[in-house]
Amino acid sequence: MTTTRSRTGDDSAAAREWNRGRDRYVPAEIEAKWQERWEREGVYRAPDHVPGKENWYALVMFPYPSGDVHIGHWYQYAGADAHARFKRMQGFNVMHPMGFDSFGLPAENAAIASNINPRQYTETNIANMRRQFRSMGASYDWDRELETHSPEYYRWNQYLFLRLYEAGLAYRSRGFANWCESCQTTVANEQVLDGACERCGTPIARREMDQWFFAISRYAEELLQMDGIDWPNKIKTMQTNWIGRSEGVDFRFDISGYGLPETELTTFTTRIDTVYGVTFVVLAPEHPLVQKLTQPEQRDSVAEYIALAARTSEIDRTSTEREKTGVPIGAFATNPLNGERVPILVGDYVLATYGTGAVMGVPAHDERDFVFAKKYGLPIRVVVAPDGWDGSDLVEAYLARGTQVNSAEFNGLPSVEGIERIADKIEADEIGRRRVTYRMRDWQFSRQRYWGTPIPIVYCDDCGVVPVPMNELPVRLPDEAEFKPTGRSPLADDPEFINTTCPKCGKPARRETDTMDTFVDSSWYHLRFASPHESQAPFDQDAVGSWLPVHQYMGGAEHAVMHLLYARFFNKVLRDLGMVKFDEPYSRLFNQGLLIKDHQKISKRSNPLAPDPLVDRYGADAIRCYLMFLGPWDQGGDWSDDGLAGVTRWLNRIWELSGRDIADLATTGDPESERELVRAAHKTTRRAITDLERFKFNTSIAALMEFTGDMSRAWDRGSVSPAAWSDAVERLLLLTAPLAPHIAEELWKRTGHAFSIHNEQLPTWDDELAADEVITVVVQINGKVRERLELPADVSEEQAFEAAFASDKVKAYVDDTEIVRRIYVPGKLVNLVVR
RNA sequence: GCCGAGGUGGCGGAAUGGUAGACGCGACGGUCUCAAAAACCGUUGGGCAUAACGCCCGUGCGGGUUCGACUCCCGCCCUCGGCACCA
């Protein structure tokens, strides 16, 4: 079973030397050479259409140009590249693009710290990283490279912003924003971790200011829908939790006695079954009714409480450990269901941004309300009774379902039914409505920094907020600016930038000085890669049609609720604007794990590991293979230099095996040994390909390592034909090519094949040729392995038992017993249950 | 607290109901060498036993299902990741 491959009949001096075993594997001598040739000949260039080939868009999350490609990048990008190469060799027209997510804070911080221009800083870093990516031997189509800081890119951020603005999906609003004192800018909710800045760890403060938002929450319901995409469940769950859908009821209390325009106070609850147990109402400190309802005697204490709450950091305020506090505002609300007047309090455990910012207090059935009521001496009334409740006081809130009590006409109903019946009554009486709320808030995307996309908005005294006309884009970022941590965008100190004329009325006006969150850039970059040089639109419809949605997206899980959610949101908006035809941007997603070193995170400062010296010493192929051999790609790994020896030895073995002179072999092999090698070749092909498809690089490499051992033994037996040997070598090289592209290319040439191995098809396998002729059948007695029998693969059940009973070992166990059961698993085992 | 992933030799890991420890590292022994390195060959979960065949134990812990469990079920413990006053 020999595959036919084109051969050049290369007979160069180098190849002859090597064939005599004098030429050793020196990675440095071959890697750069092939990298240059691949690029010169455009081996990885992906035209939009190739006749007879299906397109495959293999996308790996593009990096921020921090300056160096570190070994963690290698871990991510080598795996992604191996998979893209694998798909290419399966016959797909593969696009594997690379670019740089080049706006962002580090460049600007470098400018502040060392007085370097952010653009220079960024572009120097990009140049270095491009070089390092080349040294990795990745199969990028560099013709499609994009950099988000270039005006050719960010003008389309501005364009898309304007399209969202027109559609009412981008808006400006005043409110409390997450402020990072260290980064001197606001950040989105998704960028706050444990109350601290995701980037620098500084506690986040609340600051009231005008901010720009994208109305992502309008898509909450559709974003929950993830059935159509093949993503890790972990990411889907994280997104579902982040969106946080809950069903409940807006329930209105009567406050008509205060002579206000507002006669009602709306609360939100998911437990309307407990509504007869309300003994107080709590408002968030920011709730507008707080000021209006506070009575004169309470004015001072309420003002003091609110001031204190404002000073409390986000970390403290959201800590579940923290004591629940509040003060009465002196006003009362009437529960329209039972006419009870209950006190209204202000408490900072109620969040202004969730639900209605007002909560009905049911101490008997909510932990927080229980603690709160105990502390302030408020009544606790049970309305959902636990099974067998004797009417005594609760020692803690009862949260589970039960039977309605103290609930007027609903008494005796199971509370699950109570929820529905009470909601029905409330809707019928028009004192409330069922409603779905989401935890996710709108995406706050304006940043008070320089190194980002300027928001194309002009403020005019007469016309107000005026969008910059599309034909005036891009609003360019000025090259020079004063970089100081002032808490305002450096653009605000640049009169040339700020001062403009109103596009509507022509009078002097001021530009918006905030820039966009860099996650805007990455929300649609996958579309730009389809037509990166398009100058009339963000992307070309035809090109997008032929490449998108992304067939395989690869990257880290740290973006689960940021980039991956924003990109889905953008896609749905663009679809609704008629710009794309598909519902989801990324059809399949694979998350690689994190590479660590010595059980610690690899970091430039504390635990560095630079790839360049490793490449010099071991070669890119060895490092790629080692990283992929460490363990399953999705689980991450722990780097240690020791392990490199194994893959290095293996690559040397491939080199040496490929170089053996087939003239040393007899022209015909011994059928038995030959069959052995052919079987190994087909088995290996099957294993390696199946595992590569599923990103199981580690077991794929293990299979190939075993195969080199099989080949070596077959040769030593001296009984394989040149044809079988050459086929084995071809298979070995083709299957190794996605993993170790340089050595595979070099040996492909030296074994007389035409450039390039990376344009070849992977070998196929034949299950019949891969099948064993002799199998090991295990004999178990009462489930314990007692004997192993070598039997023909097509052994029948009857024959298997016969063979088992013929064994002396088995006899010894079976004699003087009664066989109560016989189990036969074809090709695997027999199990005798004896008594 | 809630959600998710995981726990297997000295180490990285393999096996998703059927021979536990593939493959690799390391270690030990050997070949080659004046020597060392490299390379190659062999051994390598623990215990007992041995002239040999073997036998017992073993996949975080405790139960269960099954002829048979690393794998499935129930209850815990631990590690890592995410979310967390969301009414």
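Lettering of chains follows the sequences in order, A, B, ..., and the numbering in each one begins at 1.
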Between [N] atom [atom2] and [X] atom [atom1], what is the distance in whole Å?
| X | N | atom1 | atom2 | answer |
| --- | --- | --- | --- | --- |
| A:Q635 | B:A15 | CD | P | 10 Å |
| A:W242 | B:C2 | CH2 | P | 20 Å |
| A:H287 | B:A87 | NE2 | P | 17 Å |
| A:R822 | B:G18 | CZ | P | 23 Å |

Short side-chain N/O contact from [X] to OP1 or OP2 of [N], under 4.0 Å:
| X | N | value |
| --- | --- | --- |
| A:S246 | B:A87 | yes |
| A:R24 | B:A39 | no |
| A:R821 | B:C67 | yes |
| A:R439 | B:A84 | yes |
| A:Y354 | B:A87 | yes |

Among [options], the nucleotide that comes nearest once only the side chain of [X] is considered:
| X | options | answer |
| --- | --- | --- |
| A:T699 | B:A14, B:U19, B:A87 | B:A14 |
| A:A645 | B:C85, B:G82, B:G26 | B:G26 |
| A:I823 | B:U19, B:C25, B:C67 | B:C67 |

Give a yes-or-no answer on whether the side chains of [X] and [Y] include a donor-acceptor pair shorter than 3.5 Å.
| X | Y | value |
| --- | --- | --- |
| A:T776 | A:E790 | yes |
| A:Y626 | A:D641 | no |
| A:Y354 | A:T437 | yes |

Practice item. May I ask you to check whether A:F280 and A:Y376 place their ring centers less than 6.0 Å from one another? Key: no
Check your understanding: Of all the base pairs, Watson-Crick or G-U under 3.5 Å, which form stems of three or more consecutive pairs involving RNA chain B?
Key -> B:1-7 with B:77-83, B:10-12 with B:23-25, B:26-31 with B:39-44, B:45-48 with B:54-57, B:60-64 with B:72-76
Check your understanding: Is the NZ or CZ atom of A:R624 both under 6.0 Å from the centre of the six-membered ring of A:W74 and within 45° of that ring's axis?
Key -> no
Exercise for review: For B:C78 and B:G21, measure between their P atoms and round to the nearest Å.
Suggested key: 32 Å
Review point. Using the C1' atom in both, what is the distance from B:C2 to B:G58, to the nearest Å?
Key: 36 Å
Revision key, fill the gap. Given protein heavy atoms under 4.0 Å, the one-letter contact record of nucleotides 45-57 of chain B, with B base, S sugar-phosphate only and - none, is simply ---------SSSS
Exercise for review: Keeping to residues at least two apart or across chains, list the side-chain hydrogen bond (donor to acceptor under 3.5 Å, both in side chains) pairs with something in residues 272-283 of chain A.
Suggested key: A:R271-A:D273
Exercise for review: Have a look at B:G9 and give me syn or anti from its glycosidic angle (syn if within 90° of zero).
Suggested key: syn
